[in-house]
Amino acid sequence: MTNTQRGLAEFLGTFWLVFGGCGSAVLAAGVPAVGIGYAGVALAFGLTVLTMAYTIGHISGCHLNPAVTVGLWAGGRFPAKDIPLYVIAQVLGATVAAGLLYVILSGSADYSAATSTLAANGFGEHSPGHFSLEAGLIIEVVLTAFFLIVIMGATDSRAPAGFAPIAIGLALTLIHLISIPVTNTSVNPARSTGPALIAGGWALQQLWLFWLAPLIGGALGGFAYKTLGADAKVRPPVEGEAL
């Protein structure tokens with residue numbers, strides 16, 4: 001695959017992740033007639049990753065997340081020279097998705113730009129459960145680390161073939177069930193950046209945590225799986241190893 005094809009795949013996949021995941025949070029979760037709640041939002045994020053893994057995994061590896069890209073590099077699965085391409089594509093996809101969600105939300109008579117955050121991530125008074133910065137840092141690092149361990153284990157050539165997207169989608173669902181009350185769940189700097197850029201204000205001011213913690217967690221998770229004894233025969237995702 002060419003760099004253009006892989007970058008476009010990451011752009012489209014991350015767009016789908018944010019549009020589907022954050023879209024379910026801001027368009028459906030709070031509507032009485034729908035009322036999907038935290039569990040529904042968690043499932044929506046898991047389904048977006050599962051569907052995209054089967055759709056573009058053979059093109060780009062379906063990272064959709066700078067922390068995954070960095071984690072796979074730390075685990076020996078991804079070349080450092082391709083990290084900028086993937087991260088830029090992911091952030092652009094997330095930002096376009098957040099922008100379109102803003103346009104859609106603006107079409108509602110009940111929409112208020114002053115109160116809408118587009119499902120941005122936050123801590124302190126901007127945490128759904130009013131959790132502290134320290135709590136947010138810990139949970140984002142831990143959950144991102146284990147997300148990478150699941151990803152690398154599920155895509156190991158010794159794992160059952162064809163089931164990796166299911167394991168990864170379920171892992172992301174569980175991650176959201178655990179951490180939505182704490183930070184609104186990031187584990188993905190691109191997912192955090194798109195809504196923060198559109199919402200601005202406190203969301204942009206607190207964005208640094210949702211780059212720092214997931215990148216640390218991703219690197220720790222990738223290194224941890226490599227230390228456990230990763231399979232050297234596994235091809236890098238960029239060459240077609242689906243997540």
Side-chain angles (χ1 to χ4, degrees), residues 14 17-49 64-68 94 97-98 101-102 105 108 110-150 168-218 220-221:
T14 313
L17 173 71
V18 172
F19 194 79
C22 294
S24 69
V26 299
L27 295 173
V31 178
V34 181
I36 63 173
Y38 283 173
V41 173
L43 180 60
F45 272 100
L47 289 174
T48 58
V49 168
L64 317 186
N65 181 343
V68 170
L101 285 175
Y102 171 78
L105 283 166
S108 169
D110 297 327
Y111 173 74
S112 170
T115 59
S116 176
T117 64
L118 296 172
N121 303 112
F123 55 83
E125 65 178 309
H126 303 296
S127 155
H130 301 289
F131 285 82
S132 67
L133 185 158
E134 292 78 8
L137 174 67
I138 292 170
I139 202 164
E140 289 288 334
V141 169
V142 171
L143 291 179
T144 311
F146 273 89
F147 191 37
L148 262 293
I149 291 171
V150 170
I168 295 163
L170 289 175
L172 190 61
T173 300
L174 176 60
I175 285 169
H176 278 77
L177 288 173
I178 296 169
S179 60
I180 285 177
V182 183
T183 60
N184 216 18
T185 307
S186 172
V187 302
N188 183 338
R191 170 263 184 269
S192 298
T193 300
L197 288 175
I198 302 301
W202 67 261
L204 205 52
Q205 294 167 8
Q206 295 190 352
L207 179 61
W208 64 270
L209 178 67
F210 303 105
W211 275 88
L212 178 66
L215 289 178
I216 291 173
L220 288 174

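These figures come from a predicted structure and were not determined experimentally.
Taking the side chain as every heavy atom from C-beta outward, Leu101 and Leu27 approach each other to under 4.5 Å. Counting heavy atoms from C-beta on, the side chains of Phe147 and Val68 come closer than 4.5 Å. You'll find the side chain of Leu137 stays beyond 4.5 Å of the side chain of Ile216, heavy atoms only. In this structure the side chain of Pro214 never reaches within 4.5 angstrom of the side chain of Asn188, judged on heavy atoms. With contacts defined as side-chain heavy-atom distances shorter than 4.5 Å, the pair Leu209/Glu140 does not qualify.
Between Gly122 and Gln206, the shortest heavy-atom contact is CA-OE1, 3.1 Å. Pairing each heavy atom of Ala199 with each of Thr117, the nearest pair is CB-O, 3.8 Å. Thr185 and Asn121 make their closest contact through O-ND2, 2.9 Å (heavy atoms, listed as atom of the first residue, atom of the second, distance). Across every non-hydrogen atom of Pro189 and Ser186, the tightest pair is N-OG, 4.2 Å. Nearest approach of Leu143 to Val187, heavy atoms of both residues: CB-CG1, 4.0 Å. Contact record, Ala94 with Ala190: CB-O, 3.1 Å, taken as the closest heavy-atom pair.
Using modelled atom types, no side-chain atom of Ser179 and backbone atom of Val182 make a donor-acceptor pair closer than 3.5 Å. With hydrogens and angles disregarded, a donor-acceptor distance shorter than 3.5 Å links the side chain of Ser127 to the backbone of Pro181. The backbone N or O of Gly21 sits less than 3.5 Å from a side-chain atom of Ser24, completing a donor-acceptor pair.
A distance of 11.0 Å separates CG in Asn184 from CG in Leu118, rounded to the nearest 0.5 Å. Ile180 CD1 to Tyr38 OH: the interatomic distance, rounded to the nearest 0.5 Å, is 7.0 Å. With values rounded to the nearest 0.5 angstrom, Thr144 atom OG1 is found 10.0 Å from Ile139 atom CD1.
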Can you list, pair by pair, the side-chain donor-acceptor contacts under 3.5 Å of residues 40-48, counting residues two or more places apart and other chains?
| residue | atom | partner | partner atom | Å |
| --- | --- | --- | --- | --- |
| Thr48 | OG1 | Phe45 | O | 2.7 |

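A donor atom on one side chain and an acceptor atom on the other are found under 3.5 Å apart for Thr193 and Trp211.
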